[in-house]
Number of protein chains: 2
Amino acid sequence: MTAAAGSAGAPQELDLDAQIAAYQREFPEVDPQVEKVVTALGRLNRRMNVAYGRQLVDLGISSAEWEVLKALVVVGRPYRLGPGDLAKRLGLTPAAMTHRIDRLVTEGLVTRERDEANRVRVIVELTDEGREKWLQTMRLAAAFEDELLQDLNTSERAALGEILIRLLRRVEDSQPDAGGRLEDLD
Amino acid sequence: MTAAAGSAGAPQELDLDAQIAAYQREFPEVDPQVEKVVTALGRLNRRMNVAYGRQLVDLGISSAEWEVLKALVVVGRPYRLGPGDLAKRLGLTPAAMTHRIDRLVTEGLVTRERDEANRVRVIVELTDEGREKWLQTMRLAAAFEDELLQDLNTSERAALGEILIRLLRRVEDSQPDAGGRLEDLD
DNA sequence: GTTGAAGACTTCAGTAGTAAACTTCGAAGC
DNA sequence: GCTTCGAAGTTTACTACTGAAGTCTTCAAC
């Protein structure tokens, strides 16, 4: 889940086949089958992100805020991390985390306090309200995902998952980690 | 293709199974199979975007610039569009397009001139250099995509494409278009 | 015990985006 | 032929991010 926020409107996309045709016209060496898979993948992902983004708007938080809540929930109780650690996990600079935390504190979704045992450190902790907000996002996301996959039976889902994981492993191998900023979340 | 640019480093991600386990621990109602498919999809897409982004860095352009080149190439000769039309296609505000075009003009990848037949309008046209730059991105992207899909035989590729398109159709139906910004491209 | 270096976070300057105000050209009404 | 309206782009104000500089605490060395 990630996505959407601004609102200049969604891009006006060509039909998938028209897009592939344009690629073939302008760059004949392209393999249409490969391009179709890749383009569909990107487009599906984008649409999903738009959907998640709308759900977040309904819940009154931005996807930037959601990312932070998710990172805190995933580490488990007592739902604490330092700003620097959060920044690494989210792929942001510490400076950006400072501001995100400011907003979340203002909204009561996390607290920020100095670590008394080691006063250089700061501890960001999820509040009950923050945890509840995250649970709400999960309920909406799960409903959307169930609907999205409703046309696929169990074996199709398994096959899709297996192929995606195979592809994922291949990119991760060639991209041992490190790297360039990204855009989305899980 | 879209992606990466900044450089606070890539997010430090949990292992896929560990991530699913965390979701199950914190939100037991979740369907692990569904979550696995969705998470793998998002993660694969992100990794791909990182890869595309690196290629663009190597070629000396940003993904913002690349989006504009692509839109112009896709319309075909004489590779012309107005700023407003470009903004709609890319899902940006006209204001943002003004600045993107500024940069592209400075780099010689597009030209901007008033439409003499209708002096309210501006015409953005791809230069030969801009078209060549786009072709270079396609050559790199195609090589990466071939490598990515090398483990899949033709029927697996076809099956994957078919499923993705089925899912895409479902989201597009429930999301008749309109609305929230997005992040990636094709 | 004071000094110096390292680490963790924040602050500052610069960039790219949105939203909204503004400017200009073209078309229509009278 | 002037006036008004609308469409197309640009400018302005504000937000969120990066990268680099700055501040404050801790730890090690002397």
Whole angstrom value for the distance that separates C1' of dG26(C) from CZ of Arg121(B): 10 Å

Nearest-Å distance for atom pair CG/P, residues Asp102(A) and dC9(C): 14 Å

Flag, side chain of Arg114(A) to backbone of Val122(A), donor-acceptor distance under 3.5 Å: no

Arg169(B) and Asp151(A): CA distance, side-chain angles, deciding distance, salt bridge (Lys or Arg N to Asp or Glu O under 4.0 Å) verdict: CA-CA 11 Å; Arg169(B) 248 193 282 280; Asp151(A) 297 337; over 6 Å; no

Sugar-phosphate, base or nothing in reach of Pro83(B), heavy atoms under 4.0 Å: sugar-phosphate

Listed nucleotide nearest any side-chain atom of Ala95(B), set dA19(C), dG17(C), dC17(D): dA19(C)

Earlier contact from the 5' end, DNA chain D, for Asp115(A) and Met97(A): Met97(A)

Under 4.0 angstrom between Arg112(A) side-chain N/O and dT10(C) OP1 or OP2: yes

Rounded distance in Å - CG (Leu81(A)) to C1' (dC9(C)): 15 Å

Interatomic distance where CZ belongs to Arg119(A) and P belongs to dC24(D) [whole Å]: 13 Å

Interatomic distance, His99(A) NE2 vs dG19(D) P [rounded to whole Å]: 14 Å

Protein-nucleotide distance (Leu86(A), atom CG; dC9(C), atom C1'), rounded to Å: 13 Å

Parallel, tilted or perpendicular: rings of Tyr23(B) and Trp134(A) (30°, 60°): parallel

For atom CZ of Arg103(B) and atom P of dG17(C), their distance in whole Å: 5 Å

Minimum-distance nucleotide to Leu92(A) side chain [options: dT10(C), dA19(C), dC17(D)]: dC17(D)

Distance below 4.0 Å between Arg114(B) side-chain N/O and dG9(D) OP1 or OP2: no

Val171(A) backbone acceptor or donor facing Ser174(A) side chain under 3.5 Å: yes

Atom-to-atom span, NZ of Lys88(B) to C1' of dG9(D) - whole angstrom: 12 Å

Proximal nucleotide (of dG17(C), dC17(D), dT10(D)) relative to the Arg100(A) side chain: dC17(D)

Val120(A) or Gly84(B), whichever maps to the more 5' nucleotide of DNA chain D: Gly84(B)

